[in-house]
Number of protein chains: 2
Amino acid sequence: MTATSGRVPVGERLPTLEDVARIAGVSRATVSRVINGIRNVDPQLHKMVWDAVDRTGYVPNRLARSLVTRRTGTIALVVSDSESHDDDPFMGRFFADPYFGRVVGGLMSVLRAAGIQLALQIVGTEQQRTRLVGDLRHGQADGVVVLSLPGHDPLPRMLTDAGVPAVMIGRPAEPVPINYVDLANDTGASLAADHLVGRGCQLVGMISGPADVPASSDRIAGFRRSMARHGHAWVPQVTGNFTQESGERAMHELLAAHPTLDGVFVANDLMALGALLALRAAGREVPGDVAVVGFDDSSAAVAANPALTTIRHPLEDMAAEAARLLMTRIDDAAMRVSSVIYEPTLVRRQSA
Amino acid sequence: MTATSGRVPVGERLPTLEDVARIAGVSRATVSRVINGIRNVDPQLHKMVWDAVDRTGYVPNRLARSLVTRRTGTIALVVSDSESHDDDPFMGRFFADPYFGRVVGGLMSVLRAAGIQLALQIVGTEQQRTRLVGDLRHGQADGVVVLSLPGHDPLPRMLTDAGVPAVMIGRPAEPVPINYVDLANDTGASLAADHLVGRGCQLVGMISGPADVPASSDRIAGFRRSMARHGHAWVPQVTGNFTQESGERAMHELLAAHPTLDGVFVANDLMALGALLALRAAGREVPGDVAVVGFDDSSAAVAANPALTTIRHPLEDMAAEAARLLMTRIDDAAMRVSSVIYEPTLVRRQSA
DNA sequence: CACAGGTCGGAGAGCGCTCTCCGACCTGTG
DNA sequence: CACAGGTCGGAGAGCGCTCTCCGACCTGTG
């Protein structure tokens with residue numbers, strides 16, 4: 001024990017369990033037991049160990065621990081992008097969209113309390129997917145949350161085949177026995193249809209997202225079905241890609257083809273913002289001439305002028321639920337494959 | 001060798017280097033050398049090893065490798081929030097803001113190509129900080145990118161003291177020998193001042209962010225200095241907290257105190273959106289009665305009505321540079337502490 | 001008092017890799 | 001032919017932990 005600080009230096013390297021054991025005068029096993037609170041340990045030894053920990057400034061090496069316990073305290077968030085390649089500008093757009101941040105925020109609200117960290121990985125190529133699954137089987141992470149992007153994606157099936165605990169946010173494009181959390185997108189679209197018809201719209205169009213995204217196709221199906229029930233057999237539709245520019249372009253197109261349009265359902269708020277721009281440019285009043293309903297209830301909805309009537313998407317809650325579901329699955333390998341579906345609500349503002 | 005697939009199963013567990021060595025008929029060391037491409041290996045052995053790898057489906061265990069190489073292929077992104085606690089709703093707002101996503105996108109654009117994953121961690125309490133630094137000293141991650149939030153934050157100093165490779169996005173609040181990437185916030189504010197004075201504004205106000213955020217105080221200082229040079233000794237100022245609502249409130253306040261105000265510089269686009277709302281509510285035309293300049297050039301700037309004249313902030317580029325800087329530092333422990341400052345530009349739209 | 005049954009600390013193997021060191025062999029030069 | 005110098009594969013230690021197994025000791029009961 002030095003007079004200066006009581007610190008016991010152990011050379012250049014960091015103190016290990018071995019060092020603590022030597023200083024406390026006990027075995028490595030005992031130190032491990034005290035640190036991890038496993039089994040009763042004599043109160044006197046207990047104190048001697050903690051004293052030695054304080055004097056050395058010992059911090060367990062998580063890597064070494066994980067190697068034997070097969071638990072890492074890490075969950076992987078994988079953005080699976082089966083169609084793009086490295087340096088695809090698409091990823092930039094994806095991250096700038098609040099969608100990504102809201103998902104991360106929801107996941108972290110649960111994981112943070114549990115002391116679990118989130119490891120972000122983007123996989124695009126076949127090789128990256130194979131490597132990811134290999135790493136996960138080795139326990140590189142305890143489980144994985146998958147954010148699926150447009151297109152056919154083999155990753156969900158690969159994960160379930162490998163027996164890796166996994167949860168998707170948004171249902172898989174094709175049937176795969178994987179856990180997921182989703183929004184009742186069709187119900188949300190129905191709410192929009194009800195609202196537009198309810199305010200007396202006669203010719204209602206739709207600006208949709210890409211048809212190969214499940215959330216998008218569900219919104220299309222739900223909207224058309226509901227409109228048909230209200231007697232509107234024909235719903236003109238233009239497809240965008242969820243960006244503001246594509247919404248603006250789509251609105252112009254819709255307006256050119258159907259000048260008497262008096263209502264439009266836009267599959268996300270960002271495109272709705274673009275639609276608003278196009279309507280203003282075309283000299284149409286919103287909602288006077290054309291009523292607009294968005295989807296997501298993002299911060300853009302409030303910022304818009306007029307403020308957007310939209311469908312609320314409790315994304316943070318969904319992500320938090322995904323985290324809880326995954327943690328349950330990690331602790332119980334026999335958990336049956338389950339899904340949790342959230343109900344959307346209509347938020348009425350000025351645009352419709 | 002089985003007739004079915006040529007796969008050699010090795011029981012329940014995953015194949016290890018040992019299994020590959022046995023099947024290839026060489027030593028573990030040789031397999032390791034072939035897999036990692038270290039030293040020349042006899043072409044014949046080389047082939048036998050790769051054949052064995054294919055037959056077993058071997059994937060190296062990254063954890064075990066990291067334990068000895070002291071390299072993990074992971075970089076930590078830490079959001080240091082010295083003032084909040086777990087479950088603070090503030091974090092929700094933080095993640096929903098495009099700022100977070102743009103930083104992640106910029107980092108990943110560089111890290112993805114290098115096959116490095118990003119591990120997200122939020123630290124709030126003293127204990128969490130200590131544990132993080134301990135884990136990092138053990139090589140839990142090869143380096144760390146720090147996103148600092150309002151307030152005095154001890155983390156940067158703790159990291160440099162521990163010798164952990166680190167880069168901040170945005171300068172530290174107080175002098176610390178840490179690498180960082182930043183925007184010339186004062187220059188950006190000057191550009192706004194020049195523009196407002198240049199279009200003939202006589203009474204110009206400012207809506208600022210919290211003074212304890214470096215980016216914010218730099219914008220305040222740059223703006224006041226530049227206005228003074230233009231002969232405007234007095235600049236009324238109200239402080240917001242970067243949210244839209246706070247911008248709206250601040251604008252109302254400014255207008256109440258200075259009804260003849262004809263120009264305003266708002267320290268970020270989100271608050272500028274709020275200011276626009278307040279001006280409309282007060283019956284002022286933008287830019288006719290009051291000219292508005294924002295900051296960030298976020299997607300909200302284009303969506304606003306009128307579209308915002310604002311200061312462009314190349315955040316993705318800055319984050320990408322931070323990643324490069326960090327990777328250089330990881331490979332060269334002797335690298336001198338460095339900073340990279342980006343120059344902002346004025347983007348002229350309708351609001352000023 | 002004898003002995004069954006429980007409690008608790010230590011020894012040592014093991015997780016799956018890398019890396020140093022050594023020795024076998026091979027080549028070229030005087 | 002002798003020997004210096006280089007190349008390359010294998011043995012075995014080591015990274016820093018956990019966990020099983022065993023034996024010492026302690027308690028309580030018939």
Side-chain angles (χ1 to χ4, degrees), chain A residues 10-50 52-53 56-73 131 134-140 142, chain B residues 10-50 52-53 56-73 131 134-140 142:
Chain A
V10 286
E12 286 301 303
R13 53 185 189 72
L14 292 174
T16 68
L17 203 74
E18 185 80 49
D19 297 316
V20 176
R22 192 162 20 77
I23 290 169
V26 298
S27 73
R28 263 198 339 271
T30 300
V31 177
S32 175
R33 284 196 268 257
V34 170
I35 301 265
N36 296 300
I38 310 274
R39 281 197 359 192
N40 269 355
V41 168
D42 186 292
Q44 207 163 341
L45 294 187
H46 197 270
K47 184 181 180 325
M48 290 173 66
V49 168
W50 281 120
V53 167
T56 53
Y58 172 73
V59 176
N61 183 323
R62 294 183 66 180
L63 242 47
R65 178 183 281 171
S66 296
L67 186 59
V68 22
T69 60
R70 313 246 157 213
R71 275 296 186 89
T72 57
R131 186 177 154 191
D135 284 348
L136 289 169
R137 300 216 312 159
H138 273 306
Q140 162 89 350
D142 299 335
Chain B
V10 284
E12 286 301 302
R13 53 184 188 71
L14 292 174
T16 68
L17 203 75
E18 185 81 50
D19 298 316
V20 175
R22 191 162 21 77
I23 290 170
V26 298
S27 73
R28 265 199 337 272
T30 300
V31 177
S32 175
R33 284 195 268 256
V34 171
I35 301 265
N36 296 300
I38 309 274
R39 282 202 348 198
N40 268 356
V41 169
D42 185 292
Q44 207 163 341
L45 294 187
H46 196 271
K47 184 180 179 327
M48 290 172 67
V49 168
W50 281 118
V53 167
T56 52
Y58 172 72
V59 175
N61 184 323
R62 294 183 66 180
L63 242 47
R65 179 183 281 172
S66 296
L67 186 59
V68 23
T69 59
R70 314 249 156 209
R71 276 296 185 91
T72 56
R131 186 177 154 190
D135 284 348
L136 288 170
R137 300 217 309 161
H138 273 306
Q140 162 90 350
D142 299 335

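Only heavy atoms go into these numbers, but all of them, side chains included; no hydrogens, no water, no symmetry mates. Below, read A as the first sequence line, B as the second, and so on, with proteins coming before strands; counting in each chain starts at 1.
- Nearest heavy atoms, A:Leu63 versus B:Leu67: CD2-N, 4.0 Å.
- At least one side-chain heavy atom of A:Val41 sits under 4.5 Å from a side-chain heavy atom of A:Thr30.
- A:Arg137 is not listed as a side-chain neighbour of B:Val59, based on a closest heavy-atom distance of 4.5 Å or more.
- Scanning both residues, A:Arg28 and A:Glu18, for their nearest heavy atoms gives NH1-OE1, 3.4 Å.
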Identify all pairs in which a protein N or O lies below 3.5 Å from an N or O of nucleotides 5-9 of chain C, and state each distance.
| residue | atom | partner | partner atom | Å |
| --- | --- | --- | --- | --- |
| C:dG9 | OP1 | A:Asp42 | N | 2.7 |
| C:dG9 | OP2 | A:Asn40 | O | 3.4 |
| C:dG9 | N7 | A:Arg33 | NH2 | 3.4 |
| C:dG9 | N7 | A:Arg39 | NH2 | 2.4 |
| C:dG9 | O6 | A:Arg39 | NH2 | 3.3 |

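- Taking each heavy atom of B:Thr56 and B:Pro15 in turn, the nearest pair found is O-CG, 3.3 Å.
- Base pairing annotation: C:dG28 forms a Watson-Crick or G-U wobble pair with D:dC3, both donor-acceptor distances under 3.5 Å.
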Any chance you could list the contact pattern along nucleotides 12-17 of chain D? Use B for base contacts, S for sugar-phosphate-only contacts and - for none, protein heavy atoms under 4.0 Å, 5' to 3'. BB-BBB

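- Of all the heavy atoms in A:Thr72 and A:Ser66, the pair that sits closest is CA-OG, 3.5 Å.
- The two atoms that bring B:Tyr58 and B:Thr16 nearest to each other are CE1-C, 3.5 Å, heavy atoms only.
- For C:dC19, the paired nucleotide is D:dG12, the pair qualifying as Watson-Crick or G-U wobble because both relevant distances are below 3.5 Å.
- Minimum interatomic distance between A:Ile35 and A:Pro60 (heavy atoms only, all atoms of both residues): CG2-CG, 4.2 Å.
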